[in-house]
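Count residues from 1 along the sequence.
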Amino acid sequence: MIVNQVSKNSTLSPTEPLYQLSATELQRLLANGDISAVEVMTSFLDRIETVNPKVNAICTLLEREEALALAREADAQRARGEPLGPLHGIPIACKDLARTKGMRTTMGSLACKDMIPDTDSLFVERLRAAGALIIGKTNTPEFGAGSHTFNDVFGTTKNPYNLAKTAGGSSGGAAAALAARMLPIADGSDMGGSLRNPAAFCNVVGFRPSMGRVPMWPSALTWQSRLGLEGPMARDVDDLGLLLSVMAGPDPRDPRSIQQSPAPFASIKALDGTGKRIGWSPDLGMLPVAQEIRDVCASALTAFAEMGCTVEQQHPDMTGAMEVFRTLRASYYAVGCGPLLGQHRHEMKTTLIENTEIGLKLTAPDLLSADQKRSAVYQRMVEFFEEFDYLVLPTTQVAPFDHEQEWVREIDGVAMDDYLDWMSICCVITICDLPAISMPCGFTQDGLPVGLQIVGKPWADMEVLQLAKAFEQRRPFANQEPDLK
């Protein structure tokens, strides 16, 4: 759908397709009556029809007439003068790990290929209440295990910047759909980098908020020492903040939910960096990181100096962090996938089975030791932030790799032990429960996207987003779209 008539205050080109617009611009145009929800929906459905067969990012999609019926009702509600939410009339597809009432939710697994939930996940409830139109699901690896999106139900999601490469994971479908302009905003989840890694690989923005910022329900592990959480993805920081303002906020079903209003996230102001101290770590002092990733990230650091920040190379002490992550992650899969092994082992991928079995063998002393070591790592990170305001480091250790390869076997000659090793740079940040965002920061010589990870102090979600916006204004790499004709 092409817009032919817009208000005098609009920045929209008369010939620009609606699918190109940001969520915040769509929101404004819809509120002003310049466009209709039907026009928006038609534009995105047309784009999905053209591009998704190449990328395979959206794995479940409503029939066109069903999706248009949602849009017509959204327009009718506006015409009747009913109270409207901040995402009213904006289409979205949810990650296929999230429960969507009445819509197939497979977890990327043959074990759940026919599951149709009778409830929504908490954040999905909030999306609907905000007026978002849920049109489908985005692809994910089996039970979200691994940072490469493929499964036996829907196949592999391709990288829009190079269809021979991976889109990352586990929110790979969401990131690829955003990059390919099939969705204006998307949700994701993150345990070992599943919001950050695919954002880096697909040149979009992915934010792992503080634990409890986006409450989680249903959950079998309400009180567990958590690693995984849900959060927003978008093409830019403003859109990400808009989505976060809907997803976030307290809820009694999650006792760890942060008791703060999410409303301020709807309007992110760029940070004045004067006097801010940034600790730059190209490898956390211990990890193999491909030289091309180091070089691209290092070249982007000048943006912080332009803001008035002081940048100093310094590594926080992350000794033992990956060991903690492995233990607690395995315990999570023991709970979530252990009960499935008896009946569905033959339908599950080998790496998932292995990780689940490791979790089932864990003892109480193993788990207590992991929590103690996690506490020690966290305290050392708190000490780091007594000297620095932010930690900046690469989001990934490698560039997007061939999608036919299940996981990275070596980095610049250093062998990887398993499918978690190559993504450690996100995993170790996870255990500190700090807000972390991946920002587009440039491209390799082969034209593949690279992401820069910005980590903030405990509960400093807004401050991270403000620095990210200031960086984005100076280095707008996300504007470089993939060539998908």
How about Asp366 and Thr363: does a side-chain donor come under 3.5 Å of a side-chain acceptor? yes
Distance flag, aromatic centroids of Phe304 and Trp280, threshold under 6.0 Å: no
Pro288: what forms a side chain to side chain contact (heavy atoms under 4.5 Å, CB included) with it, not counting sequence neighbours? Gln397, Ile411, Val414, Met416
Looking at Pro435, is its backbone amide N or carbonyl O close enough to the side chain of Asp461 to form a donor-acceptor pair, meaning the two atoms are under 3.5 Å apart? no
Salt bridge check, Glu125 against Arg253: does any charged N sit closer than 4.0 Å to a carboxylate O? yes
Surrounding OH of Tyr332 (heavy atoms of other residues, nucleotides or ligands, distance under 6.0 Å), is the total greater than 12? no
Quick one: pull up OH in Tyr333 and CG in Leu328 and give me the separation to the nearest 0.5 Å. 13.0 Å
Between Arg475 and Thr302, do the side chains contain a donor N or O and an acceptor N or O under 3.5 Å apart? yes
Do you know the tightest heavy-atom contact between Gly108 and Asp96? N-OD2, 3.9 Å
Would the Tyr419 and His148 ring centres measure less than 6.0 Å apart? no
Tell me whether Asn151 contacts the main-chain N or O of Glu142 through its side chain, where contact means a donor paired with an acceptor under 3.5 Å. no
Exceeds 12 heavy-atom contacts within 6.0 angstrom, atom CD of Gln259: yes
Any Val289 side-chain heavy atom under 4.5 Å of Pro282 side chain: no
Can you see which heavy atom on Gln480 is nearest to which on Tyr161, and at what distance? O-OH, 2.7 Å
Side-chain donor/acceptor of Ser170 to backbone N/O of Ser147, under 3.5 Å: no
Where do Arg126 and Asp187 land on the salt bridge (charged side-chain N to carboxylate O under 4.0 Å, His left out) test, with the steps shown first? CA-CA 12 Å; Arg126 290 181 168 180; Asp187 68 274; over 6 Å; no
Are the side chain of Asp412 and the backbone of Gln291 linked by a donor-acceptor contact shorter than 3.5 Å? yes
Assess, by modelled atom type and distance only, whether the side chains of Thr149 and Asn139 contain a donor and an acceptor separated by less than 3.5 Å. no
Side-chain donor-acceptor pair present, Thr100, Thr105, cut-off under 3.5 Å: yes
Within a reach of under 6.0 Å around CH2 of Trp459, are more than 12 heavy atoms found that belong to other residues, nucleotides or ligands? no
Under 3.5 Å, side chain of Asp402 to main-chain N/O of Gln405, donor-acceptor pair present? no
If we check salt bridge (charged side-chain N to carboxylate O under 4.0 Å, His left out) with Asp433, which of these qualifies: Arg226, Arg256, Arg213? Arg256
Mark yes or no for whether Ser109, through its side chain, and Phe143, through its backbone, hold a donor-acceptor pair below 3.5 Å. no
Would you kindly check if the NZ (Lys) or CZ (Arg) of Lys137 is within the cone defined by 45 degrees around the ring axis of Phe154 and under 6.0 Å from the six-membered ring centre? no
Using only atom types and a distance under 3.5 Å, with no angle test, would you say the side chain of Asp389 pairs donor to acceptor with the backbone of Arg277? yes
Examine distances only and state if a side-chain atom of Ser121 and a backbone atom of Arg99 form a donor-acceptor pair shorter than 3.5 Å. yes
Closer than 3.5 angstrom, by distance alone: can the side chain of Asp418 be matched with the main-chain N or O of Asp421 as a donor-acceptor pair? yes
Consider only side-chain N and O atoms of Asn197 and Thr396, and report whether a donor and an acceptor are under 3.5 Å apart. no
Are Thr319 and Asp317 close enough that a side-chain donor and a side-chain acceptor fall under 3.5 Å? yes
What's the verdict on salt bridge (charged side-chain N to carboxylate O under 4.0 Å, His left out) for Arg380 and Glu383, showing C-alpha distance, side-chain angles and the deciding distance? CA-CA 5 Å; Arg380 295 198 298 269; Glu383 292 173 5; over 6 Å; no
Measure the OG1-CG distance between Thr350 and Asn355 for me, rounded to the nearest 0.5 Å. 12.5 Å
Which pair of heavy atoms, one from Arg235 and one from Arg181, lies closest together, and at what distance? NH2-CA, 3.6 Å
Out of curiosity, Leu452 CG to Leu301 CG, how far, rounded to the nearest 0.5 Å? 6.5 Å
Note: Gly231 and Met247 closest approach over all heavy atoms is O-CE, 3.6 Å
Under the 3.5 angstrom rule, does the side chain of Arg196 hit a backbone N or O of Ser194 as a donor-acceptor pair? no
Minimum heavy-atom distance between Thr24 and Ser22, given as atom pair plus value: OG1-OG, 3.1 Å
